[in-house]
Amino acid sequence: MARYELVKRSVALITLTNPPVNALSSPVRHAIAKSMERALSDPKVTAVVICGENGRFCGGADIREFAGPLRGPPLIPVLDAIEAGRKPVVAAIEGVALGGGFELALVCHYRIAHSKARLGLPEVTLGILPAAGGSQRLPRLIGIPAALELITTGRHISAQEALKLGIVDQVTDQNACEMAVEFALKSVGKPLSSRRVSMLTTPCPPDLDALLEAATMQVKKKARGVMAPLACIQAVRAAATMPFSKGMKRESELMTTLFNSGQAQAFQYCFFAQRTAGKWTLPSGAQWNNSKPREIRSAAVIGLGTMGRGIVVSLARVGISVIAVESEKKLLENGRQMVIGMLERDAKRRGVSASLNLLKFTLSLQDLKDVDLVIEAVFEDMALKKRVFQELSKVCRPTTLLCTNTSGLDVDALAGVTNRPHLVAGMHFFSPAHVMKLLEVVCGPRSSSETIATAMSLGKKMGKVSVAVGNCPGFVGNRMLKPYLDQATFLLEEGATPEQIDKALEDFGFAMGVFRMSDLAGLDVGWRVRKESGLTGPDVDSKNPPRRRQGHRYCPIPDMVCEQGRFGQKTGRGWYMYDKPGDTNAKPDPLIQNLLETYRSRYGIQPRNISDQEIIERCLFVLANEGFRILEDGMAARPEDIDVIYLFGYAFPRHRGGPMFYVSMVGLERVLERLEHYHQAHPDVPHLEPSALLKKLVACGSPPVQKWREYIKTMHSHL
Ligand SMILES: CCC/C=C/C(=O)SCCNC(=O)CCNC(=O)[C@H](O)C(C)(C)COP(=O)([O-])OP(=O)([O-])OC[C@H]1O[C@@H](n2cnc3c(N)ncnc32)[C@H](O)[C@@H]1OP(=O)([O-])[O-]
């Protein structure tokens, strides 16, 4: 787990050997401790260099070990012994030095980094804090403001920035390990006391309290209810106000609190869920590690609306040449200008040049005959999409992959009108497509493994978190959203206000409640979907709209809001009112209050006091209940996939881990009991009826979420 060699006759070279990221697992900690003892006691050794195998210094503590009791030597004494040693120790940082890996570098007396290396203390993103002395040493080394920013955001920094901040002593383009050995030889005999970071005095700014207060306000605003950034601030305060040993004690107390909070578990679950989601699998046995994706060099995007423009930008900025197609000259010109503007702004932000030469704009599908892949992003209308796919089938060479960005229509119906159904799949981006990280890759029953592998790999190339899902109305994300939105509007009927529901969801951790979010997205989108599915339309009696449609309870209030031209922020009116169209500051609107009161009295509904608990349970338990049905139906392979979709596509609060993890933490038995209770109270809402899988899991003793897959195996997979 660590190799020990003597190089240049007097330098002990300790190489961490724990692929893939040289995490500080128990055997690695043990090996570092033993190697250091050996180096310090060997008279031939005058200096030590620590590096990592395969060009990666160290990815930090082994996160998998957090789930169990501590085994092997604890990290802090291992690190303290390195810093206290009488021989100079140099860290040779290549690849990454993250978390405990960065803390390992901080106890070395010198740090040499390769120019491509990245450093950081990302613990906060795992719901914890740098608790192997990082929160105490970094402020001593670079001062409070810079340390506070790095520790509370968990941001990775480049070697160049680390040099500027005074974290590393030298940056090299050459072999960092060889440079570190040379550096170590030159350091022999130089005094080490000023190189022991724990012995430095933290440079304390005069406005410390104001600085920490401002940081507290900022993190509270950014991540509602998340404990880790607040604990990080307290730990940094300790570094400024306490001697090192007391600061370490404080760091440890704060870590214990975070570890016992449940939030740390949720964050760490998210870390692994994201990686699990990349490991897709199909019933044919094809999966991520046995299916070869095609290389995509050229693509076409059809439709330059909001989605299409974002997709063009996502492709072009990773070096793929794109032909963008529109149906009318004016739309094409407008799209061209918008795309160029977006690419230029994006390139400026990233400090690179905009890849405008990769773009071509056309009105003719004939220009697409040679592209590797097409993404259709036209209006959400099946007949129109079918026409486009028929045309593409004729125009494109027979090997071109044809993908649709539909947000819920039948991908297989589109495949059916082409001459290559195996090369058709869904690539469902989220708006705005160049910003949002999620990509649902929709596997139709006839999509080939190569098609899915290519769509998944293209998503990864574009920096997306891609999740393979089955072909059902709404796929995974939007299918689950419907019962969630329904519950929110039913609660309005029963006595709640949009403000009350939003506040309960925001207190839970969502950045925006459901109504504020709907105002942002545009209420007309859902209205159009409801019209297309026959739920509303000109035949409905608008004076007395029925509250039961297609055999189930239906809330007509969202339609009534749209009928008044209130489409959300863009029209300056929606569930809230805004000072002007496009404004984002939502204010409660007395007209909505009035509409709700009139509605309730028209239907004889006696409004009742609704608790925040009921809001959370009805909205979120029903969301997860649909998630269980999706697992039963084989439309998602694992609960982790559903959670990743909700984390990256719907901003589900990370400290809750995603809807499926959240209900597992609440306790499946309780969730089942509450759903049964609500279903009894509202028998005309089938989504409240507990799913068979939920019942099965409870009957099997409510296993942890990572084990659910074993209970789903027997069910049918559509992936
Ligand atoms: C007292 C304690 C105080 C210290 C606390 C800490 O240090 S907290 C830690 C602070 N450190 C961090 O937060 C860093 C977390 N890690 C990362 O950010 C990235 O992995 C990366 C940038 C290091 C490499 O990115 P990349 O895209 O090249 O690769 P990839 O991301 O796909 O990972 C490859 C495989 O390695 C696995 N794995 C990775 N890291 C760890 C780990 N620490 N542990 C265990 N496993 C880890 C990962 O699950 C995956 O496994 P799989 O699925 O193949 O079975």
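We number each residue from 1, following the sequence as shown.
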Discussion item. A side-chain contact here means heavy atoms from C-beta on lying under 4.5 Å apart; do Leu258 and Leu129 qualify?
Written reply: yes
Worksheet item: Donor-acceptor pair, Ser291 side chain versus Gln287 backbone, under 3.5 Å?
Response: yes
Worksheet item: Do Arg656's NZ or CZ and the ring of Phe652 fall within the cation-pi criteria of under 6.0 Å and 45°?
Response: no
Fill in: salt_bridge(Asp80, Arg137) N-O dist < 4.0 Å
yes
Discussion item. Val89 vs Ile82, test: side chain to side chain contact (heavy atoms under 4.5 Å, CB included). Steps then yes/no.
Written reply: CA-CA 7 Å; Val89 184; Ile82 297 172; 4.0 Å; yes
Worksheet item: Between Gln268 and Leu126, is there a donor-acceptor pair closer than 3.5 Å when you use the side chain of the first and the backbone of the second?
Response: yes
Item to complete: For the pair Arg250 and Glu253, find out whether any cationic side-chain nitrogen is under 4.0 Å from an anionic carboxylate oxygen.
Response: yes
Worksheet item: Side-chain contact, heavy-atom cut-off 4.5 Å: Arg56 with Pro20?
Response: yes
Discussion item. Assess whether a salt bridge exists between Glu251 and Lys249, defined as any Lys/Arg side-chain N lying under 4.0 Å from an Asp/Glu carboxylate O.
Written reply: no
Discussion item. Checking side-chain polar atoms at under 3.5 Å, does Glu83 have a donor or acceptor matched by the opposite partner on Ser198?
Written reply: yes
Worksheet item: Which pairs count as ring-ring contact (aromatic ring centres under 6.0 Å, His included) when at least one residue sits in residues 195-238, sequence neighbours excluded?
Response: none
Discussion item. Taking the side chain as everything from C-beta on, heavy atoms only, tell me whether Val124 gets closer than 4.5 Å to Ile151.
Written reply: no
Item to complete: Just do the ring-ring contact (aromatic ring centres under 6.0 Å, His included) check on Phe259 and Phe66 with the steps written out, would you?
Response: CA-CA 9 Å; Phe259 244 109; Phe66 290 165; 5.4 Å; yes
Worksheet item: Is the closest basic N to carboxylate O distance between Asp346 and Arg317 below 4.0 Å?
Response: yes
Worksheet item: Does the pair Glu94/Lys116 count as a salt bridge with the N-to-O cut at 4.0 Å?
Response: no
Practice prompt. Check the pair Leu79, Glu103 against side chain to side chain contact (heavy atoms under 4.5 Å, CB included), reporting the backbone distance first and the verdict last.
Written response: CA-CA 8 Å; Leu79 298 188; Glu103 290 172 307; 4.1 Å; yes
Worksheet item: For Leu106 and Leu141, what are the C-alpha separation, side-chain angles and deciding distance, and is it a side chain to side chain contact (heavy atoms under 4.5 Å, CB included)?
Response: CA-CA 9 Å; Leu106 283 176; Leu141 188 63; 3.7 Å; yes
Worksheet entry | Full working for side chain to side chain contact (heavy atoms under 4.5 Å, CB included) between Arg294 and Glu450 | CA-CA 7 Å; Arg294 280 198 210 160; Glu450 188 192 34; 3.3 Å; yes
Worksheet item: Would you call Asp209-Arg237 a salt bridge at under 4.0 Å N-O?
Response: yes
Item to complete: Look only at the side chain of Arg140 and the backbone of Leu200, and say whether a donor-acceptor pair between them is shorter than 3.5 Å.
Response: yes
Worksheet item: Out of Arg111, His109, Arg195, which one pairs with Asp169 under the side chain to side chain donor-acceptor pair (under 3.5 Å) rule?
Response: Arg195
Worksheet item: What's the shortest heavy-atom distance between Trp708 and Pro703, and which atoms?
Response: NE1-O, 2.9 Å
Discussion item. For Glu65, is there an ion pair with Arg71 - N to carboxylate O distance below 4.0 angstrom?
Written reply: no
Discussion item. So Phe267 and His655, do their side chains get closer than 4.5 Å, heavy atoms only?
Written reply: yes
Worksheet entry | Basic-acidic side-chain contact under 4.0 Å: Glu640, Arg709 | no
Worksheet item: If only atom types and distance count, is the side chain of Thr202 paired as donor or acceptor with the main-chain N or O of Cys204 below 3.5 Å?
Response: no
Worksheet item: Between Phe102 and Phe57, is the ring centre distance below 6.0 Å?
Response: no
